[in-house]
Number of protein chains: 2
Amino acid sequence: MQAEAVDLLFATLAHAGRRRMLDLVMAAPGMSVSALATHFEMSRIAVLKHVRALEVAELLITRKQGRTRRLYFNPVPIQLIHDRWTTKYSAFWAERMVDIQARVERRASGEEPKIA
Amino acid sequence: MQAEAVDLLFATLAHAGRRRMLDLVMAAPGMSVSALATHFEMSRIAVLKHVRALEVAELLITRKQGRTRRLYFNPVPIQLIHDRWTTKYSAFWAERMVDIQARVERRASGEEPKIA
DNA sequence: ATCATGTGTAACGTCTGGGTTACCTATGCA
DNA sequence: TGCATAGGTAACCCAGACGTTACACATGAT
């Protein structure tokens, strides 16, 4: 997975409304854009734009049936990013949280970083 | 964890340069901003701004020693988001990828969504 | 045919992110 | 003292994200 794809995924998920859209579509596969829009304050057009964004990031798959566009959640990109990051940070996550501060301090030899 | 915090985390991570900064600081805890900036094309000021952003998102912890600001990676926010999302999508991830298309089709009863 | 509904396009306004250059401050060191 | 270096602030520019309204098109039902 290229850096740009990761950029796109994170940027697309960095919006509470879009994440909620994923939740709603996940709960009701095949939902239409208008039905989805009823759950939000913003205009239908704004929702449509978000759907487009989610589609570009491949987080949603859409299929038009008659005059309605049916929406489906696609878990693959999140799965990929999840696997990638789990591996990347496994060295850190392997140790318990309480151990991290001590380890960083050991590495930095003489420093006292505050772990929030 | 509030939605805004998640927004902030995703938005902050949605930048290849910032993710690379995390990697670099992870590899060399206590690194200074100037040392970090040597790895990038952009100006030192731009790097500093990214460091500030990472600090606000609590992905970096900084501590000033003398005239240098020392940087440390903080894995906690990523750990939190990881746990949250693993739980959220565990129902999907429990099944193998090859099974997903069939399942979505079953749910949609009659639909033929294309899983890219 | 007609009408309501679901979708799509276009043009626009505003705000923020990400970058720059110029300049100032603070500290370590000879 | 004086200079080199690490950091910080301010003002600015540009592109893109996010939202709007107005309008057009397509289709299902009566």
Side-chain angles (χ1 to χ4, degrees), chain A residues 3-22 24-25 28-57 59-72 108 110-111 113, chain B residues 3-22 24-25 28-57 59-72 108 110-111 113:
Chain A
E4 293 106 33
V6 182
D7 281 16
L8 181 61
L9 267 177
F10 276 121
T12 306
L13 290 170
H15 191 287
R18 282 199 287 253
R19 291 197 303 276
R20 193 149 64 87
M21 287 177 197
L22 287 183
L24 289 164
V25 171
M31 181 179 241
S32 74
V33 176
S34 295
L36 182 60
T38 63
H39 295 82
F40 295 85
E41 293 297 310
M42 72 185 90
S43 73
R44 178 186 58 87
I45 309 298
V47 172
L48 175 61
K49 286 189 181 181
H50 287 302
V51 166
R52 295 294 195 203
L54 290 164
E55 209 177 348
V56 168
L59 287 162
L60 277 187
I61 293 158
T62 79
R63 178 165 189 276
K64 194 158 182 183
Q65 182 188 35
R67 67 181 166 182
T68 82
R69 175 169 299 280
R70 301 196 168 275
L71 308 176
Y72 303 90
E111 289 307 308
Chain B
E4 292 107 33
V6 182
D7 281 16
L8 182 60
L9 268 177
F10 276 122
T12 306
L13 290 169
H15 191 287
R18 283 201 285 253
R19 291 196 304 274
R20 192 148 65 88
M21 288 178 197
L22 287 183
L24 289 163
V25 171
M31 182 179 241
S32 74
V33 176
S34 295
L36 181 60
T38 63
H39 295 82
F40 295 86
E41 293 296 312
M42 72 185 90
S43 73
R44 177 185 58 86
I45 310 298
V47 172
L48 177 61
K49 287 189 181 180
H50 286 303
V51 166
R52 296 292 195 203
L54 290 164
E55 210 177 348
V56 169
L59 287 162
L60 277 188
I61 292 157
T62 80
R63 179 168 188 275
K64 196 158 182 183
Q65 181 189 36
R67 66 179 168 183
T68 80
R69 174 170 298 279
R70 300 196 169 276
L71 307 176
Y72 303 91
E111 287 311 307

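Convention: sequence-line order gives letters A, B, ...; per-chain numbering from 1.
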Length of the [atom1]-[atom2] vector between [X] and [N], whole Å:
{"X": "A:Phe40", "N": "D:dT20", "atom1": "CZ", "atom2": "P", "answer": "12 Å"}
{"X": "A:Phe10", "N": "D:dA17", "atom1": "CZ", "atom2": "P", "answer": "18 Å"}
{"X": "B:Arg63", "N": "D:dG7", "atom1": "CZ", "atom2": "C1'", "answer": "16 Å"}
{"X": "A:Arg44", "N": "D:dA24", "atom1": "CZ", "atom2": "P", "answer": "15 Å"}
{"X": "B:Leu48", "N": "D:dA6", "atom1": "CG", "atom2": "P", "answer": "14 Å"}

Does any residue of residues 11-21 of chain A have a heavy atom under 4.0 Å from DNA chain C, and if so, which ones, in number order?
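Nucleic-acid contacts, sorted: none.
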
Taking 5' to 3' order, which nucleotide of DNA chain C is first and which is last to have an atom within less than 4.0 Å of a heavy atom in chain B?
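The footprint of chain B covers C:dG18 to C:dG28.
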
Base, sugar-phosphate, or nothing: which does B:Ser43 touch, judged by heavy atoms less than 4.0 Å apart?
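The answer is base, as B:Ser43 lies within the cut-off (heavy atoms under 4.0 Å) of a base atom.
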
If I take atom [atom1] from residue [X] and atom [atom2] from residue [Y], how far apart are they, to the nearest 0.5 angstrom?
{"X": "A:Met31", "Y": "A:Met21", "atom1": "CE", "atom2": "CE", "result": "10.5 Å"}
{"X": "B:Leu71", "Y": "B:Leu59", "atom1": "CG", "atom2": "CG", "result": "12.5 Å"}
{"X": "B:Glu55", "Y": "B:Leu48", "atom1": "CD", "atom2": "CG", "result": "9.0 Å"}
{"X": "B:Arg69", "Y": "B:Leu60", "atom1": "CZ", "atom2": "CG", "result": "11.0 Å"}

5'-most by nearest nucleotide on DNA chain D - B:Lys49 or B:Ser34
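Its nearest nucleotide being more 5', the pick is B:Ser34.
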
Axial cation check for B:Tyr72 ring with B:Arg63, 6.0 Å and 45° limits:
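Cation-pi check for B:Arg63 and B:Tyr72: fails.
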
Which pairs pass side chain to side chain donor-acceptor pair (under 3.5 Å) with one or both residues in residues 33-46 of chain A, sequence neighbours excluded?
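Matches after skipping sequence neighbours: none remain.
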
If you compare all heavy atoms of B:Ala46 against all heavy atoms of B:Met42, which two are closest, and at what distance to 0.1 Å?
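What the structure gives for the nearest pair is CB-SD, 3.5 Å.
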
Would you please name every residue forming a side-chain contact (heavy atoms from CB on, under 4.5 Å) with B:Arg67, sequence neighbours left out?
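For B:Arg67 there are no side-chain contact (heavy atoms from CB on, under 4.5 Å) partners, ignoring immediate neighbours.
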
Measure from the side-chain heavy atoms of B:Ile45 and tell me the nearest of D:dG19, D:dT9, D:dG7.
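So the nucleotide nearest the side chain must be D:dT9.
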
N/O to N/O distances under 3.5 Å, protein versus nucleotides 25-30 of chain D:
from   : atom 1 : to      : atom 2 : distance (Å)
D:dT27 : O2     : A:Arg67 : NH1    : 2.6

Could you give the side-chain donor-acceptor pairs of residues 7-17 of chain A under 3.5 Å, partners two or more places apart or in another chain?
from    : atom 1 : to      : atom 2 : distance (Å)
A:Asp7  : OD1    : B:Ala16 : N      : 3.2
A:Asp7  : OD1    : B:Arg19 : NH1    : 2.9
A:Asp7  : OD1    : B:Arg19 : NH2    : 2.7
A:Thr12 : OG1    : A:Leu8  : O      : 2.6
A:His15 : ND1    : A:Gly17 : N      : 3.1
A:His15 : ND1    : A:Arg18 : N      : 3.2

